[in-house]
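In what follows, every heavy atom counts, from backbone to side chain, and hydrogens, waters and symmetry copies are set aside.
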Amino acid sequence: MLEKIREGSQGPVAKVILGAVILSFALAGIGSYLGQTTEQPVAEVNGIKISQTEFSRAFQNERSRLEQQFGEYFTQIAADPTYMAQIRQGVIDRLVQQELQSQLATELGLRVSDESIRQTILELPYFKIGDQFNNDRYLQVIRQMNFQPDSFREYLRDDMTRSQLVSAVAGTDFALQNELKSAIALQQQTRSIDYLVIDKQAMQADVDVTDQEVADYYELNAGQFLSPELISVNYIELDADDIDVASVSEDDVKAYYEQSKAQYVEPEKRRVSHILIDNSEDDDAAKAKAESLLAQLNAGADFAQLAESSSDDIVSAEMGGDLEWIERDVMEPAFEDAAFALQNKGDYSDVVASEFGYHIIKLTDLQTQQVKPFDEVKADLRAELEQAEKVDAFYEKQTEMGALAFEISDRLDDAAEVAGVEVQSTPLLALSALPEPLNNPAVITALSSVELLEDKVNSEVIELGNEHVIVVRVNEHQPAATKALSEVSEQIKTRLVNEKASDLAKEKARTLFAQIKEGKSLNDVAAEQSLNVRQESQLTRESFAVSPAIVTQVFKMAHPSDAAVYDVVNLNNGDAAIVALNSVTDAPVSDNIEPQMKQNITMAQAQKNYTVFIESLKQQAELNVPKAAQPAE
């Protein structure tokens with residue numbers, strides 16, 4: 001089991017998921033939460049406490065995700081205490097699951113190696129500039145998350161260890177043939193129905209909403225009628241790429257070339273061919289065969305022909321044993337040492353033992369170590385020197401700019417002047433609608449702080465990227481406020497009319513359903529009410545032609561025997577329906593099931609089993625989850 005777990009954790013899907021989870025914290029701007037402490041844990045799992053700090057971090061991450069998803073509408077959503085309570089509970093549940101997984105991983109003795117941690121960090125795209133890992137970028141990102149390298153590696157180790165368990169449970173599941181066929185038969189089953197819909201719009205003529213009802217609704221739901229928080233921002237932005245520096249002289253570039261010449265050395269390359277004799281079955285016989293081939297070469301045999309007829313490296317054998325160009329530190333050490341010991345083109349080695357078997361190696365071409373000429377690299381060197389000067393100028397300007405922004409904290413003009421930039425401003429906007437470069441988690445966190453909102457001071461220097469910083473101040477702030485009743489009365493009235501009309505439609509549906517139960521047919525009821533009976537002779541679970549609520553309910557209804565089965569369905573748009581299930585048709589399933597369908601069913605089963613796995617961990621654990629767990633907002 002442990003082997004499968006370890007194998008599962010190395011897959012590309014697990015690494016992508018892991019990377020998305022890790023950096024979501026950084027993008028949510030969680031740094032300001034990591035320094036908080038509290039005596040009251042949000043949960044306790046087998047004696048291990050989940051702190052308010054951990055909860056605040058995860059809650060803020062989820063809140064930020066929802067803000068990005070819903071935009072300005074999130075303010076209205078967040079005003080619903082029931083909805084936010086569900087979000088908080090979901091965060092706590094996830095933290096409890098993670099702690100259960102960590103404890104089980106410790107019990108099983110699972111641990112991710114330092115080399116795996118290092119390799120994962122090198123492969124995560126968030127730490128790369130272009131296609132290359134950049135250490136400065138790495139340090140910048142983890143510092144934004146308020147991690148030091150050691151603590152980040154341990155945090156990453158915990159997440160990767162938990163992912164081993166997830167991969168083991170989800171990645172080793174399978175479905176038997178009869179289970180696949182049963183699942184497909186259910187998925188492809190069709191049902192024949194008749195139904196009629198009672199439209200709430202038709203009931204609105206019978207609805208009356210008083211001014212008092214509107215006022216009462218407003219008082220009870222005032223939080224739903226908030227105008228969004230608005231903010232106007234002044235800021236100065238300093239980017240090394242935008243700084244002008246004096247051109248670099250030719251002499252400076254040449255001097256830099258001499259200092260950096262080691263970087264432009266092209267190492268020695270050798271083109272080699274080989275004959276490989278596999279020794280996995282009989283080492284003595286393999287060695288004897290290799291020595292026999294060497295004797296043939298010494299006697300004048302053609303190397304390429306021997307490789308083609310005798311080498312166990314099938315790919316290179318077809319090309320006369322050619323392995324193309326190799327450099328140092330690429331091949332297996334014994335092979336490499338022998339290849340680089342050959343002096344002249346056409347020389348071949350004695351029999352060389354490696355982990356793959358016995359080799360005879362021939363040197364077919366040689367490229368000595370070379371240094372790129374100055375003219376070939378001077379453009380790159382000039383760009384490097386100019387960038388270095390820009391970076392030096394950037395840090396000098398940043399220091400002066402930060403000092404003045406702190407000393408003269410009620411304006412940005414002085415700091416802008418020493419930095420050689422202009423103060424820029426935005427109109428009143430929602431925090432979620434701020435443009436670049438302000439739509440950065442660290443910037444939004446600063447703009448939301450008490451110091452900037454109430455004291456109207458400049459922020460500290462905030463890093464946006466490599467040699468790219470910003471200082472912000474709040475120019476104007478309009479907090480979220482409840483709209484006046486006069487602004488929303490028509491909206492409330494429309495809502496109440498819809499609610500009452502929906503209640504009337506549902507009540508009418510129940511009344512008509514009672515008549516059907518007493519013996520009336522669906523067609524007779526529809527004719528009396530001037531309603532249309534609609535039909536679907538082959539309704540599937542994926543049908544879009546019928547309301548999703550009807551589809552869901554129809555496939556829950558019992559199979560009819562002699563007569564149709566009826567039910568009332570409340571539709572998602574507030575309408576109501578009466579449904580008659582006439583018949584059920586099972587789909588024939590062949591033994592040749594498509595691979596994609598097998599995969600989909602197996603994945604669904606894996607998800608179900610994973611949920612059962614988590615529930616079993618909960619059942620065996622000592623859990624203490626207080627009902628009141630409020631985030632530190």
Where is the tightest heavy-atom contact between [X] and [Y], given as atom of each residue plus distance?
X	Y	result
Asn572	Pro548	ND2-CB, 4.5 Å
Val443	Pro437	CG2-O, 4.2 Å
Tyr218	Lys483	OH-O, 2.5 Å
Ala446	Ile462	CB-CD1, 3.7 Å
Ala43	Val96	CB-CG2, 4.0 Å
Arg162	Ser102	NH1-OG, 3.0 Å

For the atom pair [atom1] ([X]) and [atom2] ([Y]), what is the distance rounded to the nearest 0.5 Å?
X	Y	atom1	atom2	value
Gln119	Ile121	CD	CD1	10.5 Å
Gln101	Asp158	CD	CG	11.5 Å
Leu464	Glu237	CG	CD	6.5 Å
Ser409	Asp455	OG	CG	9.0 Å
Thr482	Phe225	OG1	CZ	10.0 Å
Thr426	Asn234	OG1	CG	7.5 Å

Does [X] reach the side chain of [Y], with side-chain heavy atoms less than 4.5 Å apart?
X	Y	value
Ile117	Val112	yes
Ser459	Leu452	yes
Phe59	Ile87	yes
Tyr235	Leu438	yes
Val461	Phe406	no
Ile470	Leu238	no
Glu499	Leu496	yes
Glu44	Ile50	no

Name each donor-acceptor pair under 3.5 Å that joins a side chain in residues 413-420 to protein atoms two or more places apart or in another chain, with its distance.
| from | atom 1 | to | atom 2 | distance (Å) |
| --- | --- | --- | --- | --- |
| Asp414 | OD2 | Arg411 | NE | 2.7 |
| Asp414 | OD2 | Arg411 | NH2 | 3.0 |

Is the count of non-hydrogen atoms from other residues, nucleotides or ligands lying under 6.0 Å from [X] atom [atom1] greater than 12?
X	atom1	answer
Lys493	NZ	no
Asp410	CG	yes
Arg94	CZ	yes

If you measure only the distance, is there a donor-acceptor pair under 3.5 Å linking the side chains of [X] and [Y]?
X	Y	result
Asp575	Gln201	no
Asp93	Gln97	no
Asn458	Arg473	yes
Asn439	Glu436	no
Ser448	Thr445	no

Query raised in the report: How would you list all residue pairs meeting side-chain hydrogen bond (donor to acceptor under 3.5 Å, both in side chains) that involve residues 389-400, not counting sequence neighbours?
Result: Tyr395-Glu467
Query raised in the report: Can you say whether the rings of Phe127 and Phe152 are parallel (under 30°), tilted (30 to 60°) or perpendicular (over 60°)?
Result: perpendicular
Requested in this report: Spell out, as yes or no, whether a donor-acceptor pair under 3.5 Å connects the side chain of Ser502 to the backbone of Gly574.
Outcome: yes
Query raised in the report: Are Ser486 and Ser489 close enough, and set up right, to give a side-chain hydrogen bond (donor to acceptor under 3.5 Å, both in side chains), and what steps lead you there?
Result: CA-CA 5 Å; Ser486 58; Ser489 60; over 6 Å; no
Requested in this report: Start with the C-alpha gap between Met401 and Val471, add the side-chain angles, then the distance that decides, and say whether side-chain contact (heavy atoms from CB on, under 4.5 Å) holds.
Outcome: CA-CA 9 Å; Met401 180 182 78; Val471 178; 3.9 Å; yes
Query raised in the report: Would Lys500 and Glu213 pass as an ion pair if we require N to O under 4.0 Å?
Result: yes
Query - Check ion pair Arg65-Glu62 (N to O, under 4.0 angstrom) - result: yes
Contacts under 3.5 angstrom, residues 381-388 side chains, donor-acceptor by atom type, not counting sequence neighbours:
| from | atom 1 | to | atom 2 | distance (Å) |
| --- | --- | --- | --- | --- |
| Arg382 | NH1 | Val248 | O | 2.4 |
| Arg382 | NH2 | Glu250 | OE1 | 2.9 |
| Glu384 | OE1 | Tyr256 | OH | 2.9 |

**Report entry** side-chain contact (heavy atoms from CB on, under 4.5 Å) evaluation trace for Val45 with Leu100
**Finding:** CA-CA 7 Å; Val45 183; Leu100 286 168; 3.5 Å; yes
Query raised in the report: Checking side-chain hydrogen bond (donor to acceptor under 3.5 Å, both in side chains) for the pair Glu454/His477: CA distance, chi angles, key distance, verdict?
Result: CA-CA 9 Å; Glu454 297 185 3; His477 176 237; over 6 Å; no
Requested in this report: Show your working on side-chain contact (heavy atoms from CB on, under 4.5 Å) between Leu447 and Val474 and close with a plain yes or no.
Outcome: CA-CA 7 Å; Leu447 291 172; Val474 175; 4.1 Å; yes
Requested in this report: Check the pair Leu434, Leu431 against side-chain contact (heavy atoms from CB on, under 4.5 Å), reporting the backbone distance first and the verdict last.
Outcome: CA-CA 6 Å; Leu434 290 173; Leu431 277 172; 3.9 Å; yes
**Report entry** Partner of Gln204 by side chain to side chain donor-acceptor pair (under 3.5 Å), out of Thr494, Asp199, Asn498
**Finding:** Asn498
